Asker: 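This structure is in structure tokens; I'll ask about it shortly.
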2 protein chains.
Amino acid sequence: MLQDAPTLTDVARLAGVSEITVSRVVRNKGPISRSTRERVQAAIEKLGYVPNRAAGALASAGAPLIGVLLPSLSNIVFPEVLRGIHTALASTGYQPLIGVTDYDPVKEQEILSSLLAWQPAAIITTGFEHTDASRRMLSSSKIRVAELMDTDAEPIDIAVGLSHRRAGFDTGRHLISRNYRRFGYVGHDWNADHRARLRYEGLRAALDEAGLELKAEERFDGPSSTMAGRETLAALLSRKPDLDVVVFSNDDMAVGGFFHCLSANIRVGQTLGLFGFNGLDIGQALPLPLSTIRSNRFAIGRIAVEKLLETGQRPAEKLIVDTGYEIIAGATA
Amino acid sequence: MLQDAPTLTDVARLAGVSEITVSRVVRNKGPISRSTRERVQAAIEKLGYVPNRAAGALASAGAPLIGVLLPSLSNIVFPEVLRGIHTALASTGYQPLIGVTDYDPVKEQEILSSLLAWQPAAIITTGFEHTDASRRMLSSSKIRVAELMDTDAEPIDIAVGLSHRRAGFDTGRHLISRNYRRFGYVGHDWNADHRARLRYEGLRAALDEAGLELKAEERFDGPSSTMAGRETLAALLSRKPDLDVVVFSNDDMAVGGFFHCLSANIRVGQTLGLFGFNGLDIGQALPLPLSTIRSNRFAIGRIAVEKLLETGQRPAEKLIVDTGYEIIAGATA
DNA sequence: CTGTTAGCGCCTTCAT
DNA sequence: ATGAAGGCGCTAACAG
């Protein structure tokens, strides 16, 4: 801590006012005459006073913090959500307190309880998969809660995201309309990534509707990565070489698939179509821009914060904000 | 906040002991008899008691928080450092409080002061470029401070990172030993990214020592990205086609350069060598693994936390931990 | 527009 | 091994 950090009392004494007056100036709250405000501000600067947030939080039963629970920092998607959160928070005086759950609801519960111990103004979490205890903590508290990424279930308070099922469905529809018929799928571990599974199911539904089927699928047993995409596509094609398009669980995997095609001399977009999900920059910088779906990750984070801070009280109505998605036609499918 | 959250008092009453006894059980501190501990723990579970951290922080003049200042979340390097920090923190009871500075020392200073307001146990920040005011806040407080990424200057307390100047120098040496002579350089904005500039200077020094020079260089005016690397290499080669190797400010840029070569039918590793910095997964998943240097970003975050928590007091001696780097020979240079 | 009073929930210090 | 008293720095609620 700061050594001998000055307190409200010190400032008040120097400015010749009471503590509460300084407090009001600091928080910019309540009516203060121009002259006292200036006197107080001078004293604050002179002493280099910085309010003690712990004291403030205790006295007002609430901290200017937003608890943020992310499943992972390895998947670039979540740093981007976090960037959106940070951007929206920048001018508000709130700060994010971050926890990483490793896609584990039990770990989420532990971290949640330690975040709640700070009496944050709101909690931002990911998806709808929580333990009963987490759900209870969140419901019995009255703080605002945003569940991000997904809109395919009923939120506790606010949901911000997109329908992954529909995104998968539209992927299928889009590719069918481009005359692809022999579909393959390359995925990663979806016990962890529930939303990848929803997209897969949407894809299957679209194929079904058109009387088509997945000719082959292969799932890497681990998190998504470029290397995993590369190796898993290789494995898929060695089993089933005559596919005309492969849908990947996300762009990381698809970019890896693209690299495999380069190595194996497969003409992407002609012999074989490739389709991703997310619309990452890397995919669009490829020699052939990746065909994919843009999920609006930055917007998800930003909008979540905006909605959460609109009202301190949880409204009667649950709110679902669909941030949508767009198909990026690209050149790989 | 939790509605009617139970307090120490409630637990104490239920367990038939005094508050301080409960406090001791919760913090696992001081002598407690087996039987009272169990009685108290039962009461805690029964009530679902969660300690109020704000009150704890106020009473003990210090919060179980680590302030973390990162320049950016867009550059994958920093989420990886953060991952290391999180991993090391996981079992300690400390939580990270994160601020993003956008490479702006003034913004850093503002965020620093608001982090310090929580009385954190330590501050982790990036590089050595701080405002005088920041430096004063950090010095006059007695809390531990780690400055990450870099070891090319004197730290306030602890530095954890690598010498970017030497990394640049070794890049030059390595490429010269592989008989490259006609060097080009593709960079990004180094007003923001000071360390990219150090690597550049190291490279120049190595060339100098060998009686060589940079035949051409081009810097993108903005942050590094795959697309920037792609376009900037194209620009460089259109001006100066007869280079035999190009060094990039980092892997993102180099991967973009690789993509340009694919599009322009330049045979990488034969007609033209490419060299990056960081050792990102994406570079190693390319059809030709990228020649680059592995910086140990995860380790930097992890070690910083370990060292910071070793002692609460700042030791007399400043500590510099060199996490080193390795040349990844790769296949592109 | 400014001040007084009374805690917020916990921990430190000292006693027993 | 346990407890009593007091205060950390701030703010809510009310007065004036």
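Each chain gets a letter, A, B and so on, in the order its sequence line appears, and its residues count up from 1. Note that the structure is predicted; figures quoted are calculated from it, not measured.
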Asker: Work out how much the helix from C:dC1-D:dG16 to C:dT16-D:dA1 bends between its end axes, five pairs an end, to the nearest 10 degrees.
Answerer: 20°

Asker: If only side-chain N and O atoms count, and only distance matters, is there a donor-acceptor pair under 3.5 Å linking A:R83 with A:T87?
Answerer: no

Asker: What I want to find out is whether A:R13 reaches A:D10 closely enough, with some N-O distance under 4.0 Å, to be called a salt bridge.
Answerer: yes

Asker: Could you check which of D:dA12, C:dT12, D:dC10 has an atom nearest any side-chain atom of A:P51?
Answerer: D:dC10

Asker: Atom CG of A:L58 to atom C1' of C:dC8: distance rounded to whole Å?
Answerer: 4 Å

Asker: Whole angstroms only, please: what is the CD-C1' distance between A:Q119 and D:dT11?
Answerer: 14 Å

Asker: Considering only heavy atoms, which members of residues 30-43 of chain A lie under 4.0 Å from some atom of DNA chain C?
Answerer: A:P31, A:I32, A:S33, A:T36

Asker: Just checking, is any N or O donor in the side chain of A:N28 or A:R37 under 3.5 Å from an acceptor N or O on the other one?
Answerer: yes

Asker: Which residue, B:L8, B:T7, B:T9, forms the side chain to side chain contact (heavy atoms under 4.5 Å, CB included) with B:V22?
Answerer: B:L8

Asker: Quickly work out the B:K29 NZ to C:dC10 C1' distance and round it to whole Å.
Answerer: 13 Å

Asker: Contact list please: residues 9-26 of chain A against DNA chain C, heavy atoms, distance less than 4.0 Å, in numerical order.
Answerer: A:V17, A:S18, A:I20, A:T21, A:R24

Asker: Between B:E310 and B:K307, is there a salt bridge with N-O shorter than 4.0 Å?
Answerer: yes

Asker: Determine whether A:L148 and A:T125 make a side-chain contact, defined as any pair of heavy atoms from C-beta on separated by less than 4.5 Å.
Answerer: no

Asker: Round to the nearest Å and state the distance from A:L8 atom CG to D:dC8 atom P.
Answerer: 13 Å

Asker: Assess whether side-chain contact (heavy atoms from CB on, under 4.5 Å) is satisfied between B:L97 and A:L65, documenting all intermediate values.
Answerer: CA-CA 10 Å; B:L97 196 56; A:L65 291 174; 3.9 Å; yes

Asker: Can you name the closest pair of heavy atoms from A:I156 and A:L138 and give their distance?
Answerer: CD1-CD2, 3.9 Å

Asker: In whole angstrom, give the distance that lies between atom CZ of A:R53 and atom C1' of C:dG9.
Answerer: 20 Å

Asker: Using distance alone, with no hydrogens and no angle criterion, decide if A:E108 and A:T131 have a side-chain donor and acceptor under 3.5 Å apart.
Answerer: no

Asker: When you look at A:Q95 and B:S114, which way does the side-chain hydrogen bond (donor to acceptor under 3.5 Å, both in side chains) test go after all the steps?
Answerer: CA-CA 9 Å; A:Q95 285 182 216; B:S114 79; 2.7 Å; yes

Asker: If we check salt bridge (Lys or Arg N to Asp or Glu O under 4.0 Å) with A:D157, which of these qualifies: A:R314, A:K318, A:K142, A:R135?
Answerer: A:R314

